[in-house]
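Atoms within each ligand, like the ligands themselves, are counted from 1 in listed order. Remember, predicted model here, so these are calculated numbers, not experimental data.
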Amino acid sequence: MQIRTRSSKFFLALVALGALISGASAMVAQEAARPWMDPKLSPEERAEMVLKQLTLDEKLALLHGNGMAHEKWWTMPLTQFANGGAGYVEGIPRLGIPPLIMSDAAYGVRDSAANGRYSTAMPSNLGAASSWDPDAACAYGTVIGQELRAQGFDMTLGGGVDLVREPRNGRTFEYTGEDPLLAGTMDGSMMKCEQAQHVVGDIKHYVMNDQETGRNFVSAILSKKALQESDLLAFHIAISIANPGAIMCSYNRINGDYACENPYTLHDVLKESWGFKGFVLSDWGGTHSTVAASAAGLDQEQPMANFFGPKLKEAVAAGQVPLAEIDDHARRVLYAEFLSGIVDDPPQTSVVDVVKGLETAQRVEEESIVLLKNDGAILPIDPSRVHSIAIVGGHADLGMISGGGSAQVDAPGGNAVADQGKGGKGRTHWHENVWFRTSPLEALQAKLPNTKIVFDPGTDPKSAAALASKSDLAIVFAYQWESEGMDLASLSLSADQNALIEQVAAANPHTIVVLESGTAVTMPWIDRVAGVVEAWYAGSSGHKALAGVLAGEVNPSGKLPITFPKDENDLPHPVIPSAPPRDPATDMGNRAALPKNYTVNYNEGAEAGYKWFEAEHKQPLFPFGFGLSYTSYEYSGLSVDSAARTVRFTVANTGKRAGAEIAEVYAQLPQGADESSYKRLVGWKRISLAAGASETVVIPIDSRVLATFDEAHNNWSFAPGDYGVFVGGSSDSTPLTGILQIR
Ligand code: BGC
């Protein structure tokens with residue numbers, strides 16, 4: 001009996017071993033049959049090997065989307081596999097190539113609640129850019145990348161880096177500012193770390209999608225030189241840092257040609273000159289042709305197959321699109337899959353690390369809040385002197401607002417403010433004003449337990465003013481909501497919020513305004529308030545970060561990534577030219593139905609943002625790079641090493657608190673070079689300093705922003721001569737000056 005049992009165990013073990021061996025040898029055989037699965041090979045080699053195995057139909061399947069979850073008019077049979085996300089591209093299962101499962105993810109993963117999932121909202125992209133901290137941007141991208149994977153996505157549609165030329169653009173909060181070096185560095189750092197989590201990275205909207213008005217047909221007019229030295233430069237810097245798998249071309253036209261069929265921007269610049277090896281996908285409905293778009297360099301239509309489905313196959317059959325072009329498109333998609341790691345490590349759905357997300361969101365926001373005004377050191381709140389605080393308006397009892405459109409992250413627990421739109425249950429409506437359940441009132445109460453803090457909704461300014469008048473301090477919360485698909489009529493807060501601020505400030509000179517905005521705000525009341533704090537769209541832990549700043553646990557260190565004008569009349573375009581209506585009955589890709597003659601002439605050329613203000617000698621309300629601290633800094637000892645193209649100087653913390661100073665370096669082209677009238681940001685460093693401490697830093701000058709583009713010869717050069725160098729804590733406060741010689 002025993003012997004029999006033993007022998008049957010032995011037999012079973014033999015069977016198991018046999019199965020293992022045959023399983024392993026099957027794997028070995030599969031590996032041998034799939035040599036592209038060897039991660040030691042380069043993404044290029046691997047993509048090439050797979051490409052050789054593909055049928056024409058398999059190649060073509062990589063070149064279009066299959067609908068968009070939640071959009072009835074954009075549904076196809078395979079949309080059901082989109083995981084509730086914005087886009088789905090079939091994989092090639094027989095060869096181990098996974099599908100592309102895409103989600104929007106500008107400041108967090110979109111469409112979570114409707115799918116029964118959770119995602120963290122980071123501060124808005126513009127908010128995070130105010131930290132000027134590439135490490136914070138990396139942490140930001142890391143969280144988003146991890147949450148995408150945990151939710152089953154393997155491609156992000158985040159990464160907006162269009163320059164903020166037009167601060168009323170409803171998507172300003174999704175972008176990283178008005179300066180090519182800052183915007184490109186921050187966006188590139190976010191996307192580099194997001195893609196490092198093994199999701200295909202994306203940078204968008206390429207290029208000049210600088211306003212939402214008429215975005216599907218507007219033609220942005222500016223010279224190639226200006227384009228190269230401004231918006232394209234921001235993209236180039238971001239792409240060179242992130243090396244993303246994908247670039248999304250934009251809805252608009254550039255100098256007449258649609259961005260998704262623009263031979264200059266797609267072929268000549270992105271692919272030829274910059275050597276971009278990933279794929280270009282169209283913005284949703286931004287494809288307008290088959291042959292022209294394919295030839296210009298569009299690789300993948302999204303979210304449908306109107307032009308790159310059967311029509312592309314027909315064009316191939318008719319010899320209008322060469323097979324080599326199809327190979328190039330497909331190779332690029334495959335390359336992006338190998339580059340990003342999604343072939344070797346496809347996403348595994350898992351529980352999102354909520355704590356990590358919230359901690360990162362808080363840390364980034366703490367670095368991003370910008371203290372704009374602080375008369376008489378009214379902040380931080382000193383509880384030994386301030387015994388009562390009136391908190392007024394902005395739904396501060398309930399939460400903080402977020403940016404809308406395709407960037408919208410669903411608020412966990414739903415919208416904190418009822419009746420704010422048509423959203424209702426489930427999916428957040430495209431233009432719903434969404435407040436996260438992050439009450440700054442509660443967060444401040446937690447920080448100041450012995451202070452009497454009373455809330456007034458601000459709906460009746462008289463009652464708010466009465467409360468303010470009997471409080472030691474008043475804090476008015478004001479918001480300015482914005483979203484994709486709209487532009488702001490002006491940078492002003494709503495009239496009732498402006499009136500509320502005036503009345504509260506009249507009742508109590510110790511009034512502080514906290515702004516929750518996606519862009520610059522004009523402030524007619526600025527002289528009558530003691531303090532202004534810009535919190536941006538603050539994300540899932542924004543209330544805690546803000547309370548930390550107000551109570552002084554956190555020393556504010558953010559600096560503006562965009563200029564705040566006094567008045568819209570000071571902008572290059574005092575008003576956004578109104579656009580003819582689009583025929584909503586037609587498909588967005590149908591160019592015949594789109595108005596043809598709507599243009600915006602960017603006559604200011606490369607002078608976006610502070611460069612315009614400086615060149616035009618206009619004084620802004622708050623300049624680019626500006627932000628106060630609870631301590632003070634002193635700059636000294638500048639030396640410029642022209643050969644090494646570096647600057648060296650010392651920053652001292654001369655106050656009583658530890659803090660972080662963003663030291664900014666600007667340079668101005670030599671006299672005689674054509675753009676001598678403004679200076680450009682060429683480098684910066686965030687320096688943490690204990691009270692009384694000082695540090696000598698060496699900062700490289702980024703030559704890319706000093707070179708000028710020669711349109712006739714299609715190349716870059718440096719104007720020889722003496723470049724002015726300016727160092728300080730803001731674009732309009734540069735106590736140190738020097739000379740950089742380029743011969
Ligand atoms: C937006 C893109 C977005 C896409 C998918 C478009 O409307 O412009 O930024 O990624 O929709 O949601």
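- When only interatomic distances are considered, the shortest N/O to N/O separation between Trp284 and ligand 1 does not fall below 3.5 Å.
- The Lys204 neighbourhood of ligand 1 comprises atoms 2 (C), 3 (C), 9 (O), 10 (O), with distances under 4.0 Å to a heavy atom of that residue.
- A salt bridge does not link Asp487 with Arg168: every distance from a Lys NZ or Arg NE/NH1/NH2 to an Asp or Glu carboxylate oxygen is 4.0 Å or more.
- Between Asp410 and Arg117, no side-chain nitrogen of the basic residue sits less than 4.0 Å from a carboxylate oxygen of the acidic one, so the salt-bridge criterion is not met.
- Set against the non-hydrogen atoms of Ser406, the atoms of ligand 1 under 4.0 Å away are 1 (C), 2 (C), 3 (C), 9 (O), 12 (O).
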CA sep, side-chain torsions, deciding dist, call: Arg149, Glu194, salt bridge (charged side-chain N to carboxylate O under 4.0 Å, His left out) = CA-CA 10 Å; Arg149 280 176 62 82; Glu194 196 165 328; over 6 Å; no
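- In summary, of the residues considered (Thr360, Val354, Leu358, Val352), a side chain to side chain contact (heavy atoms under 4.5 Å, CB included) with Lys356 occurs for Thr360 alone.
- Ring centroids of His64 and Phe307 are separated by 6.0 Å or more, keeping the two rings apart.
- With rounding to the nearest 0.5 angstrom, the OG atom of Ser368 is 8.5 Å from the OH atom of Tyr140.
- The closest approach between a heavy atom of Arg171 and any atom of ligand 1 is below 4.0 Å.
- Heavy atoms of Met248 come nearer than 4.0 angstrom to ligand 1 in at least one pair.
- If you look at Glu71 next to ligand 1, there are no close heavy atoms at all, none under 4.0 Å.
- Atoms of ligand 1 lying under 4.0 Å from at least one heavy atom of Arg215, given by number and element, are 7 (O), 8 (O).
- Ring centers of Phe235 and Trp274: at least 6.0 Å apart, outside the cut-off.
- Taking every heavy atom of His205 and a limit of under 4.0 angstrom, the matching atoms of ligand 1 come to 2 (C), 8 (O), 9 (O).
- Of the candidates Leu100, Val89, Leu157, Gln302 forms a side chain to side chain contact (heavy atoms under 4.5 Å, CB included) with just one, namely Val89.
- Closest heavy-atom approach to atom 3 (C) of ligand 1 among the candidates Asn209, Leu157, Asp104: Asp104.
- For ligand 1, the atoms sitting less than 4.0 Å from at least one non-hydrogen atom of Glu484 are 1 (C), 6 (C), 7 (O), 8 (O), numbered in the order shown with element in parentheses.
- Heavy-atom proximity to Met68, at under 4.0 Å, picks out these atoms of ligand 1: 12 (O).
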